[in-house]
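This report refers to the structure that appears directly beneath it.
In each ligand, atom 1 is the first atom listed, and ligand 1 is the first ligand listed. Since the model is a prediction, treat every value here as computed from it, not as a measurement.
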Amino acid sequence: MNIAIIGTGYVGLVSGACFAELGNKVICVDNNEGKIKDLTNGIIPIYEPGLEQLVKRNYRQKRLFFTTSIKEAVMKSKVIFIAVGTPSKDNGDANLRYIEEVSRSIACHMNNYKVVVEKSTVPVETNTWVKYIMKLNNHKVDFDVASNPEFLKEGSAIDDFMHPDRIVLGVESEKAKNLLVKLYEPLKAPIVVTNIQSAEIIKHASNSFLAAKISFINAVANICEQVGADIEKVAEGMGMDTRIGKSFLKAGVGYGGSCFPKDVKAFIRIAEKLGGEFGLLKEVEKINENQRKLIFNKIEKALWILNAKTIGVLGIAFKPNTDDIRSASAIDLIKMLQDEGAHVKAYDPKAMDHARSILPNVEFCKNPYHVAKGADALVIVTEWDEFKKLNLSKIKKLLKHKIIIDGRNIFDPKKMKQMGFRYSSVGRPV
Ligand code: UDX
Ligand code: UDX
């Protein structure tokens, strides 16, 4: 099938490459000329395990194409996915200006029947506006709008696409449904077919629920810490209940990324605009913001005055196996430390290029040991595998004081104590 993906970011590029891998002819569009130029030269603008090989192979085999021209992509495609950014506005609303711009542009170039699919995470009823704006700009050509939210996790996006728990299709016509079912058929995954509003809500509700699960376990961790309980064991005991499930029960410095913070805010605003109050999600946000403060307090507790102290930070990406730093906990934490006059040294295996532009006063190091050298304390913020394998004896010699604050519980408290570290983690006895 001939398809177009408008927006070649984390979601658009992964989806486009995977659809091409399934044998479709895919045209990926982006209004960032530099990004498109890089992609046609085999330079992948984002880090995602396996993506470079997938893009290069499908580009070489002429199943994957890149352009800045929406016109070319629309005219050559039957199904057009919108995967442009939907960032938060200051008031928490999703900024839909790119969705509107792209919808208008698609409408102007439709030369025959198309299915226009919302893949970007959008507030419920966005499809009504997309349909309206498209009809306003092209009342001649028949088309359908659909919603097909993505559930890709950065760091495992290709696997998540190829082996989804479910495909969600919000459709209004048999024609659109049949086309999309056919497109996804090779994945042999369960398909939930519903109306568009329900599909739009499934995405916001799923992300908000996962964020709530994380804030819940973090709130429980803070109780554990007060009474000498071990959150890792509590999470294990909870997770064995199939109604709860063991995933997304990892306590730590909190969630970040381009989705959870944005989607929780958007869902709260959707409820408010409907005259409601989503107090539960407001509490989810509050707990999450507090987790960064909690780690900061642990550093203060270990060092008292932070002015002129050197703090080593390991991990800047919002999670391992990605270079994405959007709403990363490390950014908030580093700014809190710098506001107190601390000097921050940092290292991340993949995210430092992105981080340099927004953290100009951080001393970026080429490995974790350079971060530890002369630091008053070392803080783990992202649980990269490489940090789990650190030579802790070497770290101990390099640190000015043997203080480690572990925001992702990657080390064993008993072992750290035996090694003579002043070690603090989240929700576990010291
Ligand atoms: C985005 C949304 O943020 C997310 O909520 C949704 O689930 C999927 O799409 P992501 O891929 O991370 O996720 O967005 P981003 O990395 O910001 O990429 C969006 C791309 O669209 C960028 O490359 C941007 O240049 C491009 N874009 C944006 C256009 O091509 N045209 C536009 O008008 C606006
Ligand atoms: C999320 C959703 O999982 C995905 O379905 C959706 O399409 C996009 O948003 P993503 O944000 O890429 O994916 O990564 P995810 O693995 O969900 O982690 C999000 C944040 O939660 C990270 O900062 C991670 O560190 C944190 N997290 C995750 C926890 O703190 N504890 C956990 O148990 C799991």
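- In the vicinity of A83, heavy-atom distances shorter than 4.0 Å reach the ligand 1 atoms 9 (O), 19 (C).
- In summary, of the residues considered (N321, D159, I158), a side chain to side chain contact (heavy atoms under 4.5 Å, CB included) with P49 occurs for N321 alone.
- Under the 30°/60° scheme for interplanar angles, the aromatic rings of F81 and Y184 are found to stand perpendicular.
- Side chains of R428 and Y423: a donor-acceptor N/O pair is present below 3.5 angstrom, by distance only.
- In this structure, T126 contributes its side chain and P123 its backbone to a donor-acceptor pair below 3.5 Å.
- Near K35, meaning under 4.0 Å from any of its heavy atoms, are these atoms of ligand 1: 22 (C), 23 (O).
- By the criterion of a heavy-atom distance under 4.0 Å, both the backbone and the side chain of S120 are placed next to ligand 1.
- Which parts of ligand 1 touch Y98 is read off a 4.0 Å heavy-atom cut-off, strictly below it: atoms 33 (O), 34 (C).
- Separation of the F161 and F19 ring centroids falls under the 6.0 Å cut-off.
- For the pair K114 (side chain) and S77 (backbone), a donor-acceptor distance under 3.5 Å is present.
- Taking the centre of each ring, F143 and Y113 stay at or above the 6.0 Å mark.
- Protein residues having at least one heavy atom under 4.0 Å from any atom of ligand 2 are E150, F151, L152, K153, E154, K203, N207, I214, F248, L249, K250, G254, Y255, G256, C259, F260, F318, K319, R408, listed by chain and number.
- Less than 4.0 angstrom separates some heavy atom of E101 from each of these atoms of ligand 1: 33 (O).
- With ligand atoms numbered from 1 in the order given, ligand 1 contributes 1 (C), 2 (C), 3 (O), 19 (C) to contacts under 4.0 Å with heavy atoms of G85.
- Within a 6.0 Å radius of CG in N41, more than 12 heavy atoms belonging to other residues, nucleotides or ligands are found.
- Ionic pairing of K250 and E383 is not present here: no N-O contact between side-chain nitrogen and carboxylate oxygen is shorter than 4.0 angstrom.
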